[in-house]
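First up is the structure itself, then whatever we jot down about it.
Remember, it's a predicted structure, so these values are computed and weren't measured experimentally. As a basis for the values below, the full set of heavy atoms in this structure was taken, side chains included, without hydrogen atoms, waters or symmetry mates.
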Amino acid sequence: MSKLGPISGFPEWLPAQRMAEQYLLQKIQRTFELFGFAPIETRAIEPLSVLLSKGDDKEIYVIKRLHEDADAPDEKWGLHFDLTVPFARYVQEFRHQLHFPFKRYQIQKVWRGERKQEGRYREFYQCDIDVVGQGHLSVSYDAEMPILLHQVLAQLPIPAVKIKLNNRKLLEGFYRGLGIENFTQVLRIIDKLAKIGADRVVGLLISELHLSDENAQKCLLLGQIKSDDLSFIAEVEQLGVQHPLMIEGLAELTQVMRACDVLPPGSIEVDLSIARGLDYYTGSVYEGVMLGHEHIGAVCSGGRYDNLIASDHKQQGFPGIGVSIGITRILGYLLGRNLLQMSRSTPVAVMIILPDEAARTEAQRVAFRLRERGISTDIYHQPQNFGKQMQSAQKRGIPYVWFMGDVPQVKNLHTGIQQPASIDTWQPEACYEKLTITLTRS
RNA sequence: GUGGGCGUAGCUCAGUCGGUAGAGCUCUGGAUUGUGAUUCCAGCGGUCGUGGGUUCGAGCCCCAUCGUCCACCCCA
């Protein structure tokens, strides 16, 4: 026991906080299923070769047995750093048993070796959905993603999330139309626009990538385009760049924006500075930020990947699209700033007051019956003043206490109302039955 | 990994020029001998992150180290 206390980047919550986390995870899971996604879980580890093939320079934790033979085979494993790469491997492995287009969700922990900061962890949950097609995948799925994100996030007790939308083909075509080759480098710099501003972006494009003043300006102008309607089309065309890939991207983006008409105003916008990770995205890309809390970065993100899942020699490939919700980032931030109020720190809905030891048998009989009826029930651990017992219940947020007797009574600790109650019919009021979470301020 | 800020009670922090360690909240007990939240009283709780140095004397000054936060990098 040399190392006690927290390990940096590996959060551990108190019961009330974990209940809040489970609450969010359950809401998310239910919405994923509403949209027709099926659950899977992949193992925590993958061969290093799988992780490294698409992972760029991710910080990966390598797994090793303590008593591993010195001459053990070379196969090395690592903890997965996201859920998309393991999913790609999974699809390839089980492709003959899956139905395409395959819609799946996956809610699991992932691990990254990055340095801890607010909103940034080394062990955290990702809530991931993806759709994978065989040979072809309709652009209508590109539109389903932001709609789903909005419907999931809008019902959670968190600040409003704005989803930003872009398309890699549009950007790449535009840059190619200008004769720029190092596409991903330009993306990397344009992506910083919101953070470092227009002047420094242009400066970097010229100094680091040796773009001409004119090209740097055009890249900036493209990156500065934002709109919550279709006006971005004219703005892009006005820049006078021609390229087939750009036209294609523009058309896809338009189709997605049109489909998002069902969303309330202000919940989505086109933002041509959004690039996302530099690795496998090929078309639509998404990123969501909490309004008023943009500094912690994206709380959800994703995009289309047409080449992530390698094709069978003669067969067509498996284009996919997906998004991920960073529930640990959201929750860690809100809890760290005390922006969430949980109504209780235990699932218990009613606690039975224990007058003396002789009453324990009766208390257990009452508890048995209430639990049988699906009511989370606990018995106070020792005989004590009723005041003490009630105070204890109140501190843990338990909404009701139960007084045994010839005519049993139940008291609501929120309202102070005490009434006769029967173990066969009493129900907690709906608003007190389960944990409630409220967002304070913001 | 690189650079900067900060480490004092469980939490938030004060601590003057270097002179024996403080407050609020929390927690425990009592006022209140079976019905809570308010109020009042008392108590518990610190090797001042750690190690070294300067000094008659260090929470305070110096060095190192660890932790943490911020920026870079990258991302949920």
Side-chain angles (χ1 to χ4, degrees), chain A residues 2-9 11 14 24 28 55-60 80-84 107-129 149 153 158 161 184 187-189 191-192 195-196 200 204 274-279 281 285-290 293 295-303 322-333 336-338 351 353-356 359 380 382-405 409-419:
Chain A
S2 60
K3 172 78 178 177
L4 290 176
I7 299 179
S8 178
L14 292 170
L24 297 185
I28 290 169
D56 274 338
D57 34 67
K58 293 277 199 297
E59 292 276 2
I60 296 170
H80 56 220
F81 55 82
D82 75 0
L83 299 177
T84 308
I107 297 174
Q108 288 178 240
K109 282 184 170 175
V110 303
W111 295 268
R112 293 185 192 173
E114 291 157 359
R115 209 183 180 99
K116 208 253 168 190
Q117 258 174 257
E118 186 175 39
R120 191 187 205 193
Y121 297 88
R122 291 173 156 174
E123 178 181 69
F124 58 98
Y125 277 106
Q126 281 198 329
C127 309
D128 217 72
I129 49 164
L149 281 177
L153 296 169
I158 64 173
V161 173
T184 56
L187 277 190
R188 202 194 81 232
I189 292 172
D191 196 51
K192 296 175 194 286
K195 207 176 220 175
I196 66 176
R200 290 180 60 195
L204 286 174
I274 301 301
R276 302 310 310 156
L278 301 175
D279 30 32
Y281 293 130
V285 287
Y286 317 95
E287 173 176 312
V289 291
M290 290 196 292
H293 311 272
H295 63 282
I296 62 163
V299 296
C300 59
S301 74
V323 291
S324 189
I325 300 173
I327 208 66
T328 306
R329 169 171 285 183
I330 295 172
L331 202 69
Y333 172 76
R337 306 226 166 179
N338 272 320
M351 192 178 72
I353 300 288
L354 186 66
D356 48 60
Y380 195 74
Q382 61 179 358
Q384 228 177 349
N385 292 348
F386 284 14
K388 292 280 181 218
Q389 301 193 39
M390 291 169 67
Q391 189 172 50
S392 165
Q394 198 245 339
K395 276 180 185 165
R396 291 197 286 159
I398 297 170
Y400 297 94
V401 290
W402 186 282
F403 298 98
M404 295 180 291
Q409 299 206 319
V410 69
K411 179 167 188 167
N412 181 322
L413 294 179
H414 291 282
T415 62
I417 297 171
Q418 183 170 333
Q419 293 176 315

Exercise for the section: In whole angstrom, give me the gap between the P atoms of B/A9 and B/U32. Expected result: 36 Å
Practice task
Might you point out which heavy atoms bring A/Arg276 and A/Gly302 nearest each other, and give the distance in Å?
Solution key: CG-O, 4.4 Å
Exercise for the section: Taking atom P in both B/A64 and B/C72, compute the distance separating them and give it to the nearest angstrom. Expected result: 26 Å
Handout entry: Nucleotide B/C75, atom P - distance to CD of A/Glu287 in whole Å
Key = 10 Å
Problem - A/Lys192 side chain near B/C74 phosphate (N/O to OP1/OP2, under 4.0 Å) - result: yes
Practice task
Check if the side chain of A/Arg120 and the base of B/A76 share a donor-acceptor pair of N or O atoms closer than 3.5 Å.
Solution key: no
Practice task
Using a 4.5 Å cut-off on heavy atoms from C-beta on, say whether the side chain of A/Val410 contacts that of A/Trp402.
Solution key: yes
Problem - Rounded interatomic separation in angstrom, taking CG from A/Asp82 and C1' from B/C74 - result: 14 Å
Problem - Under 4.0 Å protein heavy-atom contact, by nucleotide of nucleotides 28-37 of chain B - B base, S sugar-phosphate only - result: S-S---BBBB
Problem - Residue-phosphate contact under 4.0 Å: A/Ser301 side-chain N/O, B/A76 OP1/OP2 - result: yes
Handout entry: ring centroid sep under 5.5 Å plus plane angle under 30, A/Phe124 with B/A76
Key = yes
Fill in the blank from the handout: note: A/Arg200, atom CZ; B/A71, atom P; distance rounded to Å ~ 13 Å
Completion exercise
From CZ of A/Arg396 across to P of B/C27 the rounded distance in Å is 14 Å
Problem - Range-with-range stems of RNA chain B (Watson-Crick or G-U pairs under 3.5 Å, three or more in a row) - result: B:1-7 with B:66-72, B:10-13 with B:22-25, B:27-31 with B:39-43, B:49-53 with B:61-65
Practice task
Rounded to whole angstrom, note down the C1' distance from B/G18 over to B/G59.
Solution key: 10 Å
Problem - Interatomic distance, A/Ile330 CD1 vs B/C75 C1' [rounded to whole Å] - result: 14 Å
Practice task
Just jot down the salt bridge (Lys or Arg N to Asp or Glu O under 4.0 Å) partners of A/Lys109, sequence neighbours excluded, or say none.
Solution key: A/Glu123
Problem - A/Tyr333 and A/His293 aromatic ring geometry - parallel, tilted or perpendicular at 30°/60° bounds - result: perpendicular
Problem - Whole-angstrom distance between B/G19 and B/G30, as gauged at atom C1' - result: 39 Å
Handout entry: P spacing across the pair B/C60 / B/U54, given as an integer number of angstrom
Key = 15 Å
Practice task
For B/U47 versus B/G43, give the span between their C1' atoms, rounded off to a whole number of Å.
Solution key: 23 Å
Exercise for the section: In whole angstrom, give the distance that lies between atom OH of A/Tyr281 and atom C1' of B/A76. Expected result: 10 Å
Problem - Matching residue for A/Cys300 among A/Val323, A/Leu149, A/Ile327 - test: side-chain contact (heavy atoms from CB on, under 4.5 Å) - result: A/Leu149
Problem - Test item: A/Gln389 side-chain N/O and A/Leu354 main-chain N/O as donor-acceptor pair under 3.5 Å - result: yes
Problem - N/O donor-acceptor pair, side chain A/Arg276 with base B/C75, under 3.5 angstrom - result: no
Practice task
Kindly say if A/Arg188 contacts the phosphate of B/C74, meaning a side-chain N or O under 4.0 Å from OP1 or OP2.
Solution key: yes
Exercise for the section: Determine the interatomic distance between P on B/A23 and the same-named atom on B/A42; round to the nearest Å. Expected result: 12 Å
Problem - 5' precedence on RNA chain B between A/Gly9 and A/Gly326 (nearest-nucleotide basis) - result: A/Gly9
Problem - Side-chain donor/acceptor contact of A/Arg329 with base of B/C75 under 3.5 Å - result: yes
Problem - Within-4.5 Å side-chain heavy-atom neighbours: A/Val401 and A/Gln418 - result: no
Fill in the blank from the handout: Between CG of A/Asn338 and C1' of B/C25 the distance, given in whole Å, is 13 Å
Problem - Inter-nucleotide C1' distance (B/C13, B/C17), Å rounded - result: 23 Å
Practice task
Answer yes or no: is there a side-chain heavy-atom contact under 4.5 Å between A/Glu287 and A/Val289?
Solution key: yes
Handout entry: Test item: A/Phe403 and A/Lys411 side chains (from C-beta on) under 4.5 Å apart, heavy atoms
Key = yes
Exercise for the section: Taking the side chain as every heavy atom from C-beta outward, state whether A/Lys388 and A/Phe386 have any pair of such atoms under 4.5 Å apart. Expected result: no
Exercise for the section: Nearest whole angstrom, please: distance from the C1' of B/C75 to the CD1 of A/Ile60. Expected result: 14 Å
Handout entry: Test item: A/Ile325 and A/Ile330 side chains (from C-beta on) under 4.5 Å apart, heavy atoms
Key = yes
